[in-house]
2 protein chains.
Amino acid sequence: MPQHAINPNVSVDCVIFSFNNQELEVLLIERSAGNTDKVDEIKALPGNLIYEDETLDCAAERVLTELTGLENIFLEQVYTFGDPDRISKKHDQDWLRSIRAHPEARVITVAYTSLINKERFNLTPSSFARNAVWVKVKDVPQLGFDHNDILEKALDHLKQKIYIKPLGYELLPDRFTLAQLQKLYEAILDDKFDKRNFRRKILRTYFIVPLNEKQQGVAHKPAGLYRFDKSLFHQM
Amino acid sequence: MPQHAINPNVSVDCVIFSFNNQELEVLLIERSAGNTDKVDEIKALPGNLIYEDETLDCAAERVLTELTGLENIFLEQVYTFGDPDRISKKHDQDWLRSIRAHPEARVITVAYTSLINKERFNLTPSSFARNAVWVKVKDVPQLGFDHNDILEKALDHLKQKIYIKPLGYELLPDRFTLAQLQKLYEAILDDKFDKRNFRRKILRTYFIVPLNEKQQGVAHKPAGLYRFDKSLFHQM
DNA sequence: TCAAAAGTGTTCAAAATACACCCATGT
DNA sequence: ACATGGGTGTATTTTGAACACTTTTGA
């Protein structure tokens with residue numbers, strides 16, 4: 001078997017979320033067609049076939065890096081999609097023919113997800129990603145393949161998780177205000193909370209710790225800044 | 001493409017749980033080697049390669065039926081396992097060579113799970129399942145492939161789910177006592193609960209409804225029987 | 001009459017919810 | 001001075017946890 005032989009039947013797709021202080025966003029690529037200058041105006045999640053000799057987790061990390069430049073992202077598996085017709089829409093087939101050796105092969109795909117703070121990373125799209133863009137989750141257009149379903153599933157997964165582990169610090173700056181954190185929760189859960197109750201609940205955890213610093217240059221009472229204390233968190 | 005062509009790279013495995021009024025059990029098969037009379041004493045989860053033209057969900061249902069005779073089981077996807085070495089242990093390879101066209105092919109597997117009341121189903125093992133047996137989860141031996149990992153993940157999944165939706169009525173007779181239900185919860189969550197608090201919490205849901213019947217022939221005060229009211233449940 | 005499991009209430013602590021006003025800053 | 005979002009406390013309800021005795025039946 002040649003090194004880095006491709007498995008034609010299994011792919012991974014990555015659903016990377018970020019937060020712009022108001023809304024959840026997801027990372028999409030604009031597909032360009034292989035070596036030709038053909039361009040495909042349909043957006044998609046970053047994803048591609050796996051290699052024969054890598055784990056699924058590694059494949060997801062590699063594919064994400066190849067397409068978007070994001071490195072060392074902790075990805076978590078969400079769900080596997082295997083409808084036999086999931087890549088057979090005409091438009092998708094046209095595009096696959098331009099980049100794949102076996103565009104008609106049955107492909108099942110394993111979806112992965114992660115949360116990142118987009119300010120901390122540069123996007124350097126390459127391979128068949130002509131571009132990589134952050135799109136508000138609420139504005140996501142019709143995507144290629146079954147990627148709208150995949151996004152939906154990743155969102156459900158995210159909502160579940162935030163109840164169990166208080167996530168989301170990955171999405172915020174190192175130092176953040178409680179209002180920012182609250183907006184993040186509201187964006188993920190698509191809900192509204194009472195400010196006082198939210199603050200009380202967060203501070204009761206003791207791993208969101210106040211810094212002795214305040215916002216500067218805002219035209220209102222400056223908010224106190226907090227940070228997430230990883231070691232305190234892991235103690236519990 | 002021939003009808004029912006096999007996809008050599010993707011399989012499904014089924015983790016079917018039942019309950020014997022004391023403990024959780026899981027359904028395992030004893031593998032027999034293809035057309036030969038060779039026998040493999042290692043147990044495994046029921047699973048096999050998928051067909052090119054079926055969904056993953058359908059494949060799981062079909063494979064389960066082929067191997068164990070269980071029909072119309074509602075299966076739910078759990079997780080996908082894709083370590084490149086997951087089927088390459090010598091013993092597993094020996095066995096695969098006796099039943100597969102490409103025993104060395106990379107296979108990723110999608111795990112499915114379900115809960116059933118074993119009293120309601122007959123096991124009629126066939127294909128390469130020489131036998132199908134219920135084994136107490138706590139007594140599960142070393143299984144073939146990575147099936148111990150898969151079982152572990154399915155158990156985690158089950159624990160998560162029972163917090164969200166009160167499951168488990170599938171595992172009990174139509175008419176059951178609250179003590180049986182409590183034992184079931186204790187088995188799944190590997191915990192103990194206070195009887196009074198448990199009963200209160202269950203009855204507060206209103207979809208576990210009392211029948212005007214009691215146990216008969218028990219050498220103690222007979223327990224009242226209850227049933228799960230599906231339509232009341234779905235109203236909430 | 002005994003053994004075995006069923007059934008039942010109360011108290012306390014913790015957590016969730018609802019709700020309204022003053023404060024610090026920049027413009 | 002005013003507009004903006006920051007910050008705070010209390011009362012009520014709901015939920016979860018701990019805990020012990022009496023009842024009914026068959027053997």
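Chain A is the first sequence line, chain B the second, and so forth, proteins listed ahead of strands; every chain is numbered from 1.
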Give the C-alpha distance, both sets of side-chain angles, the deciding distance and a yes or no for salt bridge (charged side-chain N to carboxylate O under 4.0 Å, His left out) between B:Arg62 and B:Glu54.
CA-CA 10 Å; B:Arg62 171 184 61 79; B:Glu54 69 188 342; 2.6 Å; yes
Nearest-Å distance for atom pair NZ/P, residues B:Lys201 and D:dA17:
6 Å
Honestly, is A:Arg31 close enough over A:Phe145, meaning NZ or CZ under 6.0 Å from the six-membered ring centre and within 45° of the axis?
yes
How many Å lie between CZ on A:Phe198 and P on C:dA16, as a whole number?
13 Å
Along nucleotides 5-11 of chain D, 5' to 3', which nucleotides get a B, which get an S, and which get a -, given that the test is a protein heavy-atom distance under 4.0 Å?
BBBBBB-
Taking only Lys NZ, Arg NE, NH1 and NH2, and the carboxylate oxygens of Asp or Glu, determine whether B:Arg130 and B:Glu30 approach each other closer than 4.0 Å.
yes
Residues B:Asp190 and B:Lys138 bridged, charged N to O under 4.0 Å
yes
Less than 4.5 Å apart, side chain to side chain, heavy atoms only: is that true for B:Lys136 and B:Asn20?
yes
